[in-house]
Amino acid sequence: MSDLKTCAAQMQKLIGDAFSKTGGLVALANSGQENTEKIQRVLEQTMEEFERATMTLRTLCERNRLPNAGTSRRPVLPKREVTGYVESLNYGWLHICVNTLLPSCRYLAPVWFSDTIIRLLDDYESGGSVLPYYRQALMVIDEHSDVPKRGVYDQDNKGWKAISNAVKGRLIPDDDQYTLGIALLSTRSGENTCHITLLDRADAADFFSCIGSNGGGFAAF
C-alpha cells in the first residue's frame, strides 16, 4: 500500500507539472503575440512534458496492477478504443489505427508514439490473434486530418520513424532500405487519425489499386 501511495503522489506531481506548462501558453495567448519562434518553443516544451508524463504514468500503472485481477469480469471493449486498434485485412495485410496525428519531430523519433504502437500490438496478440511477419514489407502511413494548413508540420517534420522503430524485429527483420519500403500519404478527413498498413512488398500494386479504385485514402477498405 505504501508503494501505491508513493506512485499516486508521483502521478499527481507528473500531471501537475505537465499542467503548469500550459500556463506559459495561456500567458502568450493573452499577450496577443503572433506565431513567433517563442510560441513554437513553448509549444514543443509543453508537448515534451506531457509525453514524458504519459510514459511514466503508463509505467506506474503497470507496476501497481495486480496479476490477472478481474480479467474474467473485464467488459469487452469496442474495436475502436481511445488509443487505437489493430486488425487483419485481406491478403495478410495488417492495419494499425492510432487515434491521433503523427507527432511533430525535428530530431529524434518520439518514444511515446512507438510505445503506443507496441502496446496496441501486445493487446492484439493477447486477444489470441497472430501477428504477420514480412521478410520484405511496405509500410503505408495514411494520415487523416482536417487541419487546413500545417505550415511547420510538413511531411519531413513528422515523427513517422517511431512506427518503424516499433515494428522492426517483430513484424519485419529490420528497417533497412532493402527490408522496409515506406509510403507517407495524407488524406483530408475529419477523423484526425493515423492509419498504418503493413503488407508484403509484392502486394504494393494491389494495395494502391484498391485505393485508386475507391477514390483514395484508407477509406477504400
- Item | Distance-only polar pair, side chains of His195 and Thr197, donor-acceptor under 3.5 Å | no
With [X] via side-chain contact (heavy atoms from CB on, under 4.5 Å) - residues at least two apart:
| X | answer |
| --- | --- |
| Thr22 | Phe19, Thr46, Phe50 |
| Ser189 | His144, Glu191 |
| Ala8 | none |

Closest heavy-atom contact between [X] and [Y]?
| X | Y | result |
| --- | --- | --- |
| Thr179 | Pro173 | CG2-CD, 3.6 Å |
| Ile182 | Leu138 | N-CD1, 4.0 Å |
| Leu101 | Ser145 | CD2-CB, 3.9 Å |
| Leu94 | Tyr134 | N-OH, 3.4 Å |
| Ser164 | Lys161 | OG-O, 3.0 Å |
| Tyr133 | Ile172 | OH-C, 3.7 Å |

Between Ile118 and Val86, is there shared hydrophobic-cluster membership here, with clusters defined by ILVMFWY side-chain heavy atoms closer than 4.5 Å? no
Atom pair [atom1]/[atom2] of [X] and [Y] - distance to nearest 0.5 Å:
| X | Y | atom1 | atom2 | value |
| --- | --- | --- | --- | --- |
| Asp203 | Leu198 | CG | CG | 12.0 Å |
| Ile141 | Ser186 | CD1 | OG | 10.0 Å |
| Asn99 | Leu120 | CG | CG | 8.5 Å |
| Leu199 | Asn90 | CG | CG | 12.5 Å |
| Glu143 | Leu185 | CD | CG | 10.5 Å |
| Cys194 | Lys158 | SG | NZ | 8.5 Å |

Just by modelled atom types, is the Ala162 backbone N or O under 3.5 Å from a matching donor or acceptor in the Ser114 side chain? yes
query: Taking C-beta and beyond as the side chain, do Ile163 and Met139 meet within less than 4.5 Å on heavy atoms?
result: yes
Minimum side-chain heavy-atom gap Phe113-Asn165 below 4.5 Å: no
Sequence neighbours excluded, the answer for salt bridge (Lys or Arg N to Asp or Glu O under 4.0 Å) partners of Asp206 is none
Sequence neighbours excluded, the answer for salt bridge (Lys or Arg N to Asp or Glu O under 4.0 Å) partners of Arg201 is none
Tyr91 meets the ring-ring contact (aromatic ring centres under 6.0 Å, His included) criterion, sequence neighbours left out, with Trp93
Enumerate, atom names and distances included, each donor-acceptor pair closer than 3.5 Å involving a side-chain atom of residues 124-132, sequence neighbours excluded.
from: Glu125; atom 1: OE1; to: Arg170; atom 2: NH2; distance (Å): 2.7
from: Ser126; atom 1: OG; to: Asp122; atom 2: O; distance (Å): 3.3
from: Ser126; atom 1: OG; to: Asp123; atom 2: O; distance (Å): 2.8

